[in-house]
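Below is one structure, written out as structure tokens; comments come after it.
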Amino acid sequence: MKKKIGVIRGDCSSREIVAQTLRVLDAIAHKYGHEWEYVDVAMGGDAIDRYGNPLPDHELEKCLNCDAVLLGAVGGPKWEGLPGDQRPEKGLLALRKGMGLFSNLRPAKIWPQLADASPLKKIITDQGIDFVIVRELTGGVYFGQHETNEVAGVRQAIDYMPYDENEIRRIGKVGFETAMKRNKKLTLVDKANVLDTSRLWRSVLYEMAKDYPEVEFDVMFVDNCAMQICKNPSQFDVIVTENMFGDILSDEASEITGSIGMIPSSSLGEGTRGLYEPIHGSAPDIAGKNIVNPLACILSAAMMLRYSFGLEKEASAIEQATEAVLNEGWRTADMYTEGMKKAYCDQITDLLLEKL
Ligand code: IPM
Ligand code: MG
């Protein structure tokens, strides 16, 4: 199979994890007889440095001409002082919008090998943690109008949080269909006791629930959900939620599985062209030290093979190799616990490549 892959090397320690991920993709191509053409794309801080814009049109255009895009992470202290619409993060939001990627899947699954690294008590992790957050990715408050003004000498800011029923319905469909492929339980997370947008989400999803009689559908307030994720995470199968709640809850959900450095994600729109990225940030504090965990990015590449290219065997091979490395006790610093063997970023990739 021949595919064109957009590669966004990103900022700070992102460059290290993307480099390791390409080694894994090369090994897969070699072993299974595929051919990848990598197209370098600048986005985030890197694009600001080169072009003065976190996502110039020509870079978005490159992504639209690829079969899928792989990303590490963007942002860092160097660009923190910039105005909101010129920051690296704005490039990421514009990329998601420009590629039409409204649906973001963030699996929270505990690797039994990493249960000791979870901040939760064993009595809770023993129940198992295996759910998916379906996060709406191109609407809501991250894409509403942002304003900062001064009124009568008092500074004020407003962020709008718009949603229309069509945006809700298309992500609701992903939620129900994801649940149908799993344990048939869907939880809508919202703040319907306060927000109009949440009340609209509820009304649309209750309507849709009638078309999915096999799915056990329920609703939960976001504050309660944040608490339930650490108290009783095994109750969840699929969570569907709006953009900001999904952003916040997915960080929490990843950490209870042992390390945020292990969680990949996929973002898709109507077709198969997706964006694949770890859910963690660019970890500027550890950049250049070769200690960042590359596995979330490598597992994101596995998701790309599965969801954009339909290469199930190759995707599973990467996941199984990851598991084998963990089984042997190898850990990067973020997931290290006593008695384990510490590995550097490139070293854990070497080990993984040996298993492939
Ligand atoms: C994420 C990140 C981004 C988001 C930031 C960097 C804009 O936190 O992918 O979760 O909020 O979506
Ligand atoms: Mg986030």
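We count ligands from 1, going down the list as the structure has it; atoms in each ligand are counted the same way.
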Between Asn183 (side chain only) and Lys185 (backbone N and O only), is there a donor and an acceptor less than 3.5 Å apart?
no
Donor-acceptor contact present, side-chain His34 to main-chain Met1, <3.5 Å
yes
Once the angle between the rings of Phe176 and Phe217 is folded into 0 to 90°, is it parallel (under 30°), tilted (30 to 60°) or perpendicular (over 60°)?
tilted
With Arg135 as the cation and Phe245 as the aromatic partner, state whether NZ or CZ is under 6.0 Å from the six-membered ring centre and within 45° of the axis.
no
Check the pair Gln235, Gln228 against side-chain hydrogen bond (donor to acceptor under 3.5 Å, both in side chains), reporting the backbone distance first and the verdict last.
CA-CA 8 Å; Gln235 72 185 285; Gln228 295 294 336; 2.9 Å; yes
Between Met99 and Ile5, is there shared hydrophobic-cluster membership here, with clusters defined by ILVMFWY side-chain heavy atoms closer than 4.5 Å?
no
Is the shortest heavy-atom distance from the side chain of Ser14 to the side chain of Arg9 under 4.5 Å?
no
For ligand 1, run through the N/O pairs with the protein that fall under 3.5 Å and put one pair on each line.
from, atom 1, to, atom 2, distance (Å)
ligand 1, 8 (O), Asp247, OD1, 3.3
ligand 1, 9 (O), Arg96, NH2, 2.8
ligand 1, 9 (O), Arg106, NH2, 2.9
ligand 1, 10 (O), Arg106, NH1, 3.1
ligand 1, 10 (O), Arg106, NH2, 3.2
ligand 1, 10 (O), Arg135, NH1, 3.4
ligand 1, 10 (O), Asp247, OD1, 2.8
ligand 1, 11 (O), Asp247, OD2, 2.9
ligand 1, 12 (O), Arg96, NH1, 2.6
ligand 1, 12 (O), Arg135, NH1, 3.2
ligand 1, 12 (O), Arg135, NH2, 2.8

Give every protein N, O or S atom lying under 2.8 Å from the Mg ion (ligand 2), naming each by residue and atom.
Asp247 OD1
Closer than 3.5 angstrom, by distance alone: can the side chain of Trp36 be matched with the main-chain N or O of Leu25 as a donor-acceptor pair?
yes
Trp201 vs Tyr163 aromatic rings, parallel, tilted or perpendicular, using cut-offs 30° and 60°?
perpendicular
